Amino acid sequence: MKRLLISILCIIAIFSFAACASAPTADEIIKKSQESMAGAKNMTLAGDMNMDIAGMKLTPKFDAEVFTDPLKVHMKMTGLAMVGDSETYMDTADGKLVSYTHMMDQWVKQEIGTSEEALKQLQIQSPQSIADYMKNLEDVVLDEKTQEINGKEAYKISARVNGDYFKNNNQYETMLASLANGQDIKKLLENIDMNIPFVMYIDKKDMVLLRYEMDMSAMMQSLMKNVENMLKEQNPQATMSPGVDLSGGAFLINMDIKDINSTKDFTIPDDAKNAQPLQPLTKQTAPSEDAGSATDAEESPAQ
């Protein structure tokens, strides 16, 4: 009996050690997923945002198909309040990316620049940009239990994207420059914690990212508060409208990633290709000048 009990305990120990040895760590899971995402040639995105800006609540949704070689994108957005729904195609020709956007009952097209410039200026969620998020994580925690995401068993990993990634990445230069309104961007970033909570769900079988969630609320609240302070410095006599608080509220992003390397290709409609061209958006174009040019060009067809 004693010998049998010892044998049973040995078997349990062997299986326990085997289980411990085979269980991957959070860092190992992230590294494998990062490699899978960086090597992806195409993918489908389905996401939604929950935003509360200056007392205005927005819940836009978007769907996109992204191809990387060459870069081309098809995206639909709904829930954009007064702007209305929009549809955008992007395609690469002769090394330049051209966008075709349908908004407010008309198509417009615009040359954006090279694919590399487009990824930075338009903040396109490509496989590589998602892999970059995963390279800049800290406070990583692997959940003890797996989750079911879109019918697949997935690891859940909670972390924070290191704020230096956003501060030092040119991808966010245009957005920050427009918020700074010609002022010093460093001043805009004073006392802001840009370490963004980031939750990801990674396919246990294929090690690809199935979903991620970003909570940018704290960062955006601080940014908007700094914008408000900068506006007051420019015009001390100015007062905010009653009930308007630029410090804002929620800013959440949820993104599902599907059909990696099996996304269905798309064709750009002729109406889009024949649309009225806008001034090219290039790296040298200042944000304020570009915004004005684009607005003027978009309004002229409707007049």
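Predicted, not measured: the structure shown is a model, and the values here were computed from it.
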**OP:** Taking ring-ring contact (aromatic ring centres under 6.0 Å, His included) as the test, write out the residues that go with His74, two or more places apart.
**Re:** Tyr89, Phe266

**OP:** Please tell me if the side chains of Met216 and Ile253 come closer than 4.5 Å, counting only heavy atoms from C-beta onward.
**Re:** yes

Original post:
Between Ser33 and Ile29, is there a donor-acceptor pair closer than 3.5 Å when you use the side chain of the first and the backbone of the second?
Top reply: no

**OP:** Let me see the working for Lys135 and Gln34 under side-chain contact (heavy atoms from CB on, under 4.5 Å), right down to the final yes or no.
**Re:** CA-CA 8 Å; Lys135 290 179 184 176; Gln34 181 184 314; 3.2 Å; yes

Subject >> ILVMFWY network linking Met103 to Trp107, side-chain heavy atoms under 4.5 angstrom >> reply: no

Original post:
Of all residues at least two apart in sequence or in a different chain, which pass the ring-ring contact (aromatic ring centres under 6.0 Å, His included) check with Tyr201?
Top reply: none

Original post:
Which atom names give the shortest non-hydrogen contact between Met214 and Phe198, and what distance separates them?
Top reply: CG-CD1, 3.4 Å

Subject >> Whether Asp143 side chain and Lys145 backbone form a donor-acceptor pair below 3.5 Å >> reply: yes

Subject >> Residues that Asp265 engages under salt bridge (charged side-chain N to carboxylate O under 4.0 Å, His left out), provided they are two or more places apart >> reply: Lys72

Original post:
For the residue pair Asp48 and Phe62, what are the closest heavy atoms and their distance?
Top reply: N-CE2, 4.0 Å

Subject >> Donor-acceptor contact below 3.5 Å, side chain Thr68 vs main chain Lys41 >> reply: yes

Subject >> Separation of Met43 CE from Lys258 NZ (nearest 0.5 Å) >> reply: 13.0 Å

**OP:** Decide yes or no on side-chain contact (heavy atoms from CB on, under 4.5 Å) for Ile157 and Val141, but give the supporting numbers first.
**Re:** CA-CA 6 Å; Ile157 296 178; Val141 177; over 6 Å; no

Original post:
So does Lys109 have more than 12 non-hydrogen atoms from other groups sitting under 6.0 Å from NZ?
Top reply: yes

Subject >> Same apolar cluster: Tyr100 and Met104, side chain cutoff 4.5 Å >> reply: no

**OP:** Flag the pair Arg211 / Met200 as yes when at least one side-chain heavy-atom distance between them is below 4.5 Å, and no otherwise.
**Re:** no

Subject >> Cluster overlap Leu252 with Leu45, hydrophobic side-chain contacts below 4.5 Å >> reply: no

Subject >> Atom pair OH (Tyr155) and CG (Leu210), whose distance is rounded to the nearest 0.5 Å >> reply: 12.0 Å

**OP:** Please answer: with hydrophobic residues joined when any side-chain heavy atoms are less than 4.5 Å apart, are Leu71 and Ile268 in the same cluster?
**Re:** no

Subject >> Derivation of the side-chain contact (heavy atoms from CB on, under 4.5 Å) call for Met134 and Ile202 >> reply: CA-CA 11 Å; Met134 300 171 79; Ile202 296 173; 4.1 Å; yes

Original post:
Would you say the side chain of Ser158 lies within less than 4.5 Å of the side chain of Lys156, judging by non-hydrogen atoms?
Top reply: yes

Original post:
In Å, rounded to the nearest 0.5 Å, how long is the span from CZ of Arg160 to CD of Glu138?
Top reply: 7.5 Å

Original post:
Any donor-acceptor pair under 3.5 Å linking the side chain of Ser217 with the backbone of Phe251?
Top reply: yes

Original post:
Under the criterion side-chain contact (heavy atoms from CB on, under 4.5 Å), which of Asp85, Asn254, Thr78 is the partner of Lys61?
Top reply: Thr78

**OP:** Answer whether the closest heavy-atom distance between the side chains of Leu209 and Met255 falls below 4.5 Å.
**Re:** no

Subject >> Rounded distance (nearest 0.5 Å) linking atom NZ of Lys204 with atom NZ of Lys152 >> reply: 15.0 Å

**OP:** Could you tell me the separation between the CE atom of Met207 and the CD1 atom of Ile30, rounded to the nearest 0.5 Å?
**Re:** 11.0 Å

Subject >> Side-chain donor or acceptor of Ser86 paired with backbone N/O of His102 under 3.5 Å >> reply: no

Original post:
Does a donor on one side chain sit under 3.5 Å from an acceptor on the other, for Thr146 and Glu153?
Top reply: yes

Subject >> Cluster overlap Val66 with Val98, hydrophobic side-chain contacts below 4.5 Å >> reply: no

**OP:** Measure the spacing between CD1 of Ile196 and CG of Leu137 and express it to the nearest 0.5 Å.
**Re:** 11.5 Å

Original post:
Are any side-chain N or O atoms of Asn42 and backbone N or O atoms of Thr263, one a donor and one an acceptor, separated by less than 3.5 Å?
Top reply: yes

